[in-house]
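In what follows, a structure is listed as structure tokens, so that the remarks can point back to it.
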Amino acid sequence: MFSKILVANRGEIALRVIRACRELGIQTVAVYSVADRDASYISLADESVCIGPAEAAESYLNIPRIISAAEITNVEAIYPGYGFLAENSHFAEVCRDCKIEFIGPSPEAMRLLGDKVEARKLAIKAKVPVVPGSEDALETEDAAASYAAEIGYPVILKAAAGGGGRGMRIAHNEMSLRVAFHSAQNEARSAFGNADVFIEKYLEMARHVEVQILADKAGNVVHLWERDCSLQRRHQKLIEESPSPSIDDKVREELTKAAIRVIKAAKYVNAGTVEFLLDKNNKFYFGEVNTRIQVEHPVTEMVTGTDLVQWQLRIASGEQLKLRQKDIKRQGVAIECRINAEDPYNNFSPSPGPIKEFIAPGGLGVRLDTHAHAGYVISPYYDSMIGKLIVHKPTRVEAIACMKRALQEFKIGPVKSTIPICLEILSHPQYVKGNVDTGFIERTW
Ligand code: MV4
């Protein structure tokens, strides 16, 4: 196992990783921007290094500064977390060149799966269903129109270099498709430096279900069941749960097997997620692979009793998975609510500033992953997520009741938070039935 690693992230995930390292006896180096210099989780690391000003491009996204911090503190590995450099294959390559272990997949696997056209081809090769569409990027507007005529409207254009819903356009007829083709290309070019777009039949009322994977360097791959992430707004997930309330054991079996086939075909190593879209008839289709630990990983940790971050560290250090598939049991139901410093009644606008009141919930089955506390100042420079409230109970009915109780106990002020909207959703009959799709929040609020 490593003796010292650098945590190349901030906020709740940095704290989450420092905790895992402490339990494994690994020393930690925290890096921070000037905006985070007073954050209390930094003092839980063994060492810390200021890597630049508040702007992410000058700090958490700045590869030379992070590598320099790693070299002067003599760490063996870098943990990327989510966001920032977590899915940057160039960064993973620089780490390799500097003989620092990147705690994640190989640069080759990241590059392959980061290209959504290549990832889709890989899924086809692995005999995993994909939504009807173009196998390659579209060369011309006419090519887009002719594919659309073949598969039928509505269609969706996706950026090859996109993912997570960024760079997508939905078109309901040929005229709007022709316009959307150019705007999708332009957006992809400016956002990702790659204008390639491909087309798929658009699935209406889709649900988003993803399978958690662990894969080691010896080629062992296991799944840790699924998470339902259908409750999102503008591609920001708000509530996640496991197991998915909308699939049965037969679909679950096929979904998890398909996920393992994709991961094996990519020669993937690390924790990862294979995302699927489910249509009205519960037919599933490959979406994309997320090559990082995800925000919502705690729901899987709760239902399986497995520390996924500790496994990432073990896998990166060369340990083999000793988890056997048949021993990875699901127990009960876990639900996560994202606590964002946003005003849900003012178009989810960010609500940064000092936290004066902070009363955390607790009790049986309640987990709170946060770096925030009374006196903490929420920076306007970064993502507005300040924590995650997770509950774990034997049944979904009990989990919902527990989450409502915990959210009611949770007091944060004067900054606004997503607590009240989470409470509203948890009381909505559609949610209680387990019957929501990815458009639910926008249609209902
Ligand atoms: C789709 C889709 C419908 N049809 N693909 C979003 C994340 C990315 N991995 C794939 N995503 C989607 N792909 C087809 N063929 C619906 C989504 C989608 C979505 C689309 C529009 C607005 C909100 C959405 C939320 C989740 C998924």
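Please read all numbers here as calculations on a predicted model, not as lab measurements. Each ligand, and each atom within it, is numbered from 1 in the order the structure gives.
A distance below 6.0 Å separates the ring centres of Tyr60 and Tyr382. Aromatic ring centres of Phe410 and Phe358 lie closer together than 6.0 Å. In this structure, the ring of Phe440 has its center less than 6.0 angstrom from the ring center of His428.
Between Asp327 and Lys329 there is no salt bridge, since none of the side-chain N atoms of the basic residue sits less than 4.0 Å from a carboxylate O of the acidic one. The residues Glu135 and Lys121 are annotated as not salt-bridged, no charged nitrogen and carboxylate oxygen being separated by less than 4.0 angstrom.
Within a 6.0 Å radius of CD in Gln331, no more than 12 heavy atoms belonging to other residues, nucleotides or ligands are found.
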Hey, what polar pairs (N/O, under 3.5 Å) does ligand 1 make with protein?
{"unit_1": "ligand 1", "atom_1": "4 (N)", "unit_2": "Leu203", "atom_2": "N", "d": "2.9"}
{"unit_1": "ligand 1", "atom_1": "5 (N)", "unit_2": "Lys158", "atom_2": "NZ", "d": "2.9"}
{"unit_1": "ligand 1", "atom_1": "9 (N)", "unit_2": "Glu275", "atom_2": "OE2", "d": "2.4"}
{"unit_1": "ligand 1", "atom_1": "9 (N)", "unit_2": "Glu288", "atom_2": "OE2", "d": "2.3"}
{"unit_1": "ligand 1", "atom_1": "13 (N)", "unit_2": "Lys158", "atom_2": "NZ", "d": "3.1"}
{"unit_1": "ligand 1", "atom_1": "15 (N)", "unit_2": "Glu200", "atom_2": "OE1", "d": "2.9"}
{"unit_1": "ligand 1", "atom_1": "15 (N)", "unit_2": "Lys201", "atom_2": "O", "d": "2.7"}

